[in-house]
There are 2 protein chains.
Amino acid sequence: MRNAEFDRAQVLRGAMSAFMHKGYTKTSMQDLTQATGLHPGSIYCAFSNKRGLLIAAIEQYQQDRNEQFKLIFSDSRPVLGNLKTYLDNIVVECVSCDSQQACLLTKALNEIAAQDDEIQGIISQNLKLWQNALTAQFELATTQGLLQGDLNSEQRAQYLMMGIYGLRTFAHTHPQAEILQQLADKLFTDVCR
Amino acid sequence: MRNAEFDRAQVLRGAMSAFMHKGYTKTSMQDLTQATGLHPGSIYCAFSNKRGLLIAAIEQYQQDRNEQFKLIFSDSRPVLGNLKTYLDNIVVECVSCDSQQACLLTKALNEIAAQDDEIQGIISQNLKLWQNALTAQFELATTQGLLQGDLNSEQRAQYLMMGIYGLRTFAHTHPQAEILQQLADKLFTDVCR
DNA sequence: CTCATTCTTGAATGTGCATTCAAGATATTC
DNA sequence: GAATATCTTGAATGCACATTCAAGAATGAG
């Protein structure tokens, strides 16, 4: 007979940020109470435990990214231009690296997926959705006659994802905008060949 | 008046393997005593602490990789063939993923570099050496007239490293040899363009 | 063979952490 | 406005872990 007081999305974004900042293992519950504004009891009541909070945060992350994706790939503009914008955004994200603006999915994948099959599954599924969305864009571009090489749309999407993963890791040692932009530009060219 | 009994390289390879398997934070000292065959006291005597052991393991990793690199890029064979072999080896490594056969450097980079400037520096330096070695190979190929595009050797090396990082991450969700080989092949083509 | 030095052993220490829980606060219902 | 149900609070719990250290074992020198 009483509703929870906190805003779930808000809380999860706080947790997301904490996890991206320090990584899952090194983020303590104390960090999380601070990042979410919730007391331990509330977190355990709402998300079972730290792991549950991570899973919920991943879900929220996926939703937020999906919104952003739909915003960029609006149907009204040319496909390849949207794709370029998308990549440029990632470069900006990498440069403005307010300490580890990495993708939560890949970060969690690198850190814990090997230890936890369920989380591995969840992340794989989310990345698959992302890949499918990219494949659909390449398919669209192909039907519009914008792509001619002998790669199919799925292969292009895979190559692009590989490139984005790499770009993010590369940014850790080379946070300079110029270099990253150059790499992203070539990636764009190569994936459209 | 008495020498240490253990083989340093052997011990460090054990530690390397443990760190790659579970990640730095989640690898306990108990794991490390098992992986190295050393008792806690010996580890602390030889490497100060867990962090010191990681740093020593990274050093050893770099040495081992360097050996392997020199072996593949022997001067007597054609440069681009060597490069292809190198990439194919990485694919094999990714496929045979006996749980996280990731590169220790990139794994540590993803996990802890943001938290620890000294380790960040060490890893960056090692990756830089690696990049320089690749650059030299591209330079060699260029002087032999094998490469014509408008990229310089450093840019090629950077792009290749980006691709390799990405390939390794991609392998976590797609461990199939076919797919990875396809991606590696295209990466090779694009980097030589 | 004996002594001195160095290495090895692994139980003990203290700390930091995830998790729990009972008391208190707040809303909703009748 | 009382009663009830639900949520919030944060100190208490117990465990896992990195680290220490003192006793024991092995080696080399004389």
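Order of the sequence lines sets the chain letters (A, B, ...), proteins ahead of strands, with each chain counted from 1. Computed from a predicted structure; not experimentally measured. The analysis underlying the following values was restricted to heavy atoms, covering all of them including side chains, and did not include hydrogens, waters or symmetry mates.
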Per-pair distances, 0.1 Å, donor-acceptor, side chain in residues 46-54 of chain B, under 3.5 Å, sequence neighbours excluded:
from	atom 1	to	atom 2	distance (Å)
N49(B)	OD1	R51(B)	N	3.3
N49(B)	OD1	G52(B)	N	2.8
K50(B)	NZ	Y24(B)	O	3.1
K50(B)	NZ	T25(B)	O	3.4
K50(B)	NZ	T27(B)	O	2.8
R51(B)	NE	D116(B)	OD2	2.6
R51(B)	NH2	D116(B)	OD1	3.3
R51(B)	NH2	D116(B)	OD2	3.4
R51(B)	NH2	E118(B)	OE1	2.7

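Partners of K186(B) according to the salt bridge (Lys or Arg N to Asp or Glu O under 4.0 Å) rule, which considers only residues two or more places apart in sequence or in another chain, are D190(B). For S17(B), the side-chain contact (heavy atoms from CB on, under 4.5 Å) criterion is met by no residue, not counting sequence neighbours. With sequence neighbours excluded, no residue forms a side-chain hydrogen bond (donor to acceptor under 3.5 Å, both in side chains) with T33(A). Applying the side-chain contact (heavy atoms from CB on, under 4.5 Å) test to T142(B) and every residue at least two apart in sequence or in another chain returns L147(B), S153(B).
Rounded to whole Å, the distance from CZ on R8(A) to P on dC7(D) is 13 Å. Counting to the nearest Å, the C1' atom of dT19(D) and the CG atom of L53(B) are 14 Å from each other. Atom CD1 of I43(B) and atom C1' of dT9(C) are 12 Å apart (whole Å). Taking atom NE2 of H39(B) as the reference point, atom C1' of dC7(C) lies 12 Å away to the nearest angstrom.
Put simply, the side chain of N110(A) gets close to the backbone of T106(A): a donor and an acceptor are under 3.5 Å apart.
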Notebook entry, point to check: With the sugar-phosphate defined as primed atoms, P, OP1 and OP2, and the base as all remaining atoms, what B/S/- string results for nucleotides 16-23 of chain C, 5' to 3', for protein heavy atoms under 4.0 Å?
Noted result: --SBBB--

